[in-house]
Amino acid sequence: MVGIGSAVPGQRVSNSEIETFLDTSDEWIQSRTGIRERRVAEPELTLLELAARAARAALTAAGVDPAAVDTVICSSSSPDATFPSLACRLQAELGCPHGPAFDVQAACSGALYGMVLAQSMIQSGLSRTVLVVAAEIFSRLLDWSDRSTAVLFGDGAGAFLVGGHDQKGAEIVAIDLGADGGGAWALDTVRYRPSEEAPSTPLPEYASSARALDRVVHMDGREVFRFSTKILEQIVVRLAGAAGIEPNEIALIVPHQANSRILATAAGRLGVPFERFACNVERLGNTSSASIPLALAEADRLGRCHDGELVCLVAFGGGLTWCGVLLRWQPTAVGIDDPGDLDTNLGIAGREQLPSQDHKEVSA
Ligand SMILES: CC(C)(COP(=O)(O)OP(=O)(O)OC[C@H]1O[C@@H](n2cnc3c(N)ncnc32)[C@H](O)[C@@H]1OP(=O)(O)O)[C@@H](O)C(=O)NCCC(=O)NCCS
C-alpha cells in the first residue's frame, strides 16, 4: 500500500444539535457509543465529489499520476445510484486509463475487501496500480426520526493506493476474509416511510431532504453489538496466529469505527490495552466503509504507525461481512482533506494542494 487518502465534509453536527429535533441526549449518545459529533455532507456535496477528494488526497500525497492507475475499485453502502458504478464515474472524473472499474458491496468491510481484491489483481498480473476508494454519505441513508440509528453514523471517504511502479509502502502480511449471510437481517436497509405528522421543531436540511434511493438503515443494535465484539476478537486472534505472534504483539489495531464500546469490549477480551486501538469515532461517528482509511490516515499523521511494526486493520458490518488485514508498516504517503479541521490540525484545512513531500511533518 503506497498511499492513503481521506476526505470529510466541513459541516460538523454535534449531539446537542441532534437533541434539538430528536428525542435523544448528548449524555445517552456519548455513554452508549462514544460519539460526540459527526461530519454531514452539505446539500451540494455529491458522493462522487467526496470520493474524488479522498482519491486525490492519496494520489497527490504518493506523487502518483491518475494516468498510472489501471484499476479503480469503489465501495459505498450509501450509493446515490444503482449504476453506473461509483468506480466508473470516479475513473472518468480522475482521468484514469480505461482499465477495470467496479464497486464492491461488503457494507462496512468494503474498503478492506477492496484492498484484498487489489492485492490479488496485482499478484495475478492483471493490474499494476489499484485505487480503492470507500465513500459514504450516510446522512442521506438515515431516517432522522429513528433515534436508534440516526445518532450513530457520519459522512466521509477514504482511499488506499495499492501497487505502483517500484514504490514502497506498508506490506500485507496476512488476510482474514469472510461473510455470514445468515445474519443479513441484523443490519440492512428498508423502504423509507416518512412520518405523516409535521415535525414539532424545524428540521435541518440534511434531515428533511429526500433519501438517496428511498431507503434507510434498519438495525438490531444488540445483535450487531454481539457480532461485532465477537468477530473483532476472532479476526485479531486468527491474524496473529497466521503471523506466529500473540495479539498483544500487534503495535496498533485500526478497527472499523462502529462505536467505542464495541472496541473497548473487544480490547478487554483480547487482553490488548485500549490505547493500542486507533479510535476517532468521537469526532466522526461511524462512517461505514470509509472508517478504516480515515482512522489509519489519522493514526499515521499522529505518529502512531512505526516502520517495521505490525498494524492490524479489522472491518465488520452488514452482510454480515468481515475482513482483517495485518500490515508490516513501512513509510506510506498520507493525504488528509478536511476543510472543517479546527481541533486536530491534521488535515489540509482549505489548502489548494496537498503536500507531497512534507506529509510526515504535519503533527497534531
Ligand atoms: C445501538 C446501541 C448503542 C444501543 O445501545 P443499547 O444499550 O443496546 O440500547 P437499547 O437498544 O437496548 O435501548 C435502550 C433504551 O435506550 C433507548 N434509546 C435508543 N436509542 C436512543 C437514543 N439515540 N437516545 C436516547 N435513547 C435511546 C431505547 O429506546 C431503549 O429505551 P427503553 O429501555 O425505554 O425501551 C448498541 O446496541 C450498539 O452499539 N449496537 C451496535 C451498533 C453499531 O455499531 N452498528 C454498526 C455496526 S457496523
Side-chain angles (χ1 to χ4, degrees), residues 13-38 75-78 104-113 134 136 138-139 141-156 158 178-181 183-190 201 207 216-235 254-269 277 279-282 284-295 313-324:
V13 172
S14 66
N15 294 342
S16 314
E17 175 175 329
I18 296 176
E19 265 181 32
T20 63
F21 63 89
L22 191 61
D23 179 19
T24 187
S25 67
D26 177 45
E27 194 280 326
W28 192 97
I29 302 170
Q30 286 211 43
S31 63
R32 304 291 175 117
T33 71
I35 298 166
R36 188 164 46 85
E37 64 174 25
R38 70 284 295 139
S75 155
S76 184
S77 303
S78 48
V104 291
Q105 171 43 258
C108 302
S109 312
L112 295 195
Y113 263 61
E136 305 287 3
F138 251 69
S139 58
L141 187 69
L142 293 172
D143 176 350
W144 284 94
S145 66
D146 174 10
R147 65 180 185 174
S148 68
T149 53
V151 302
L152 303 176
F153 295 92
D155 301 340
D180 172 10
W185 60 272
L187 181 53
D188 56 6
T189 63
V190 294
T201 41
V216 288
V217 176
H218 164 262
M219 178 178 69
D220 180 324
R222 288 189 178 184
E223 183 60 26
V224 175
F225 192 96
R226 260 193 298 276
F227 159 70
S228 305
T229 46
K230 193 176 73 182
I231 199 72
L232 207 171
E233 178 190 2
Q234 289 176 350
I235 292 172
V254 184
H256 168 49
Q257 306 288 304
N259 84 45
S260 57
R261 265 202 320 157
I262 291 177
L263 309 189
T265 304
R269 288 191 193 166
F277 279 60
C279 185
N280 64 9
V281 71
E282 180 193 0
L284 297 183
N286 178 346
T287 55
S288 189
S289 67
S291 87
I292 290 184
L294 275 161
L313 315 181
V314 188
F316 46 85
L320 299 166
T321 59
W322 61 87
C323 183

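In each ligand, atom 1 is the first atom listed, and ligand 1 is the first ligand listed. As a basis for the values below, the full set of heavy atoms in this structure was taken, side chains included, without hydrogen atoms, waters or symmetry mates.
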(message) Can a donor-acceptor pair be found, under 3.5 Å and without considering hydrogens, that links the side chain of E17 to the backbone of E19?
(response) no

(request) Indicate yes or no: at least one non-hydrogen side-chain atom of V217 is less than 4.5 angstrom from one of D143. (result) no

(message) Test your reading of the structure: does S228 have an N or O sitting under 3.5 Å from an N or O of ligand 1?
(response) no

(message) In the structure I gave you, are the side-chain heavy atoms of N286 and H256 within less than 4.5 Å of one another anywhere?
(response) yes

(request) From atom 31 (O) of ligand 1, work out which of R147, R261, R226, H256 has a heavy atom at the shortest distance. (result) R147

(request) Measure the shortest side-chain to side-chain distance between L187 and F227 over non-hydrogen atoms and say whether it is less than 4.5 angstrom. (result) no

(request) For T321 and G318, indicate whether the former's side chain and the latter's backbone hold a donor-acceptor pair under 3.5 Å. (result) yes

(request) Check each of A150, G221, C108 against atom 40 (N) of ligand 1 and report the one with the nearest heavy atom. (result) G221

(request) Ignoring hydrogens, just give me the one of Q257, E19, E223, R32 whose non-hydrogen atom is nearest atom 7 (O) of ligand 1. (result) R32

(request) Compare all side-chain heavy atoms of M219 with those of L152 and state whether any distance is below 4.5 angstrom. (result) yes

(message) Which residue and atom name correspond to the protein heavy atom nearest atom 47 (C) of ligand 1, and how close is it?
(response) V224 CG1, 3.5 Å

(request) Could you find the nearest protein heavy atom to atom 45 (N) of ligand 1 and give me its residue, atom name and distance? (result) M219 SD, 3.2 Å

(request) Flag atom 2 (C) of ligand 1 as yes if some protein heavy-atom distance to it falls below 4.0 Å, otherwise no. (result) no

(request) Could you tell me the residue and atom name of the protein heavy atom closest to atom 46 (C) of ligand 1, and the distance to it rounded to 0.1 Å? (result) N286 ND2, 3.5 Å

(request) Answer with side chain, backbone, both or neither: which part of I262 has a heavy atom less than 4.0 angstrom from an atom of ligand 1? (result) side chain

(request) Give a yes or no on whether atom 35 (O) of ligand 1 lies under 4.0 Å from any heavy atom of the protein. (result) no

(message) Can a side-chain donor-acceptor contact be found between T287 and Q257 if the only test is distance below 3.5 angstrom?
(response) no

(message) Could you tell me, atom by atom, which parts of ligand 1 come under 4.0 Å of a heavy atom of R222?
(response) 8 (O), 12 (O), 37 (O)

(request) Would you check if L112 and I292 make a side-chain contact, meaning some heavy-atom pair closer than 4.5 Å? (result) yes

(request) For atom 39 (O) of ligand 1, state which one of V281, T265, N259 supplies the nearest heavy atom. (result) N259

(request) Could you tell me the residue and atom name of the protein heavy atom closest to atom 24 (N) of ligand 1, and the distance to it rounded to 0.1 Å? (result) T24 OG1, 2.7 Å

(request) For F153, enumerate each residue passing the ring-ring contact (aromatic ring centres under 6.0 Å, His included) test, keeping only those at least two apart in sequence or located in another chain. (result) F138

(request) Answer yes or no for atom 11 (O) of ligand 1: protein heavy atom present at a distance under 4.0 Å? (result) no

(request) Would you indicate whether the side-chain heavy atoms of R36 and I29 approach each other to under 4.5 Å? (result) no

(message) To check your reading of the model: name the closest protein heavy atom to atom 15 (C) of ligand 1, its residue, and the distance in Å.
(response) W28 NE1, 4.5 Å

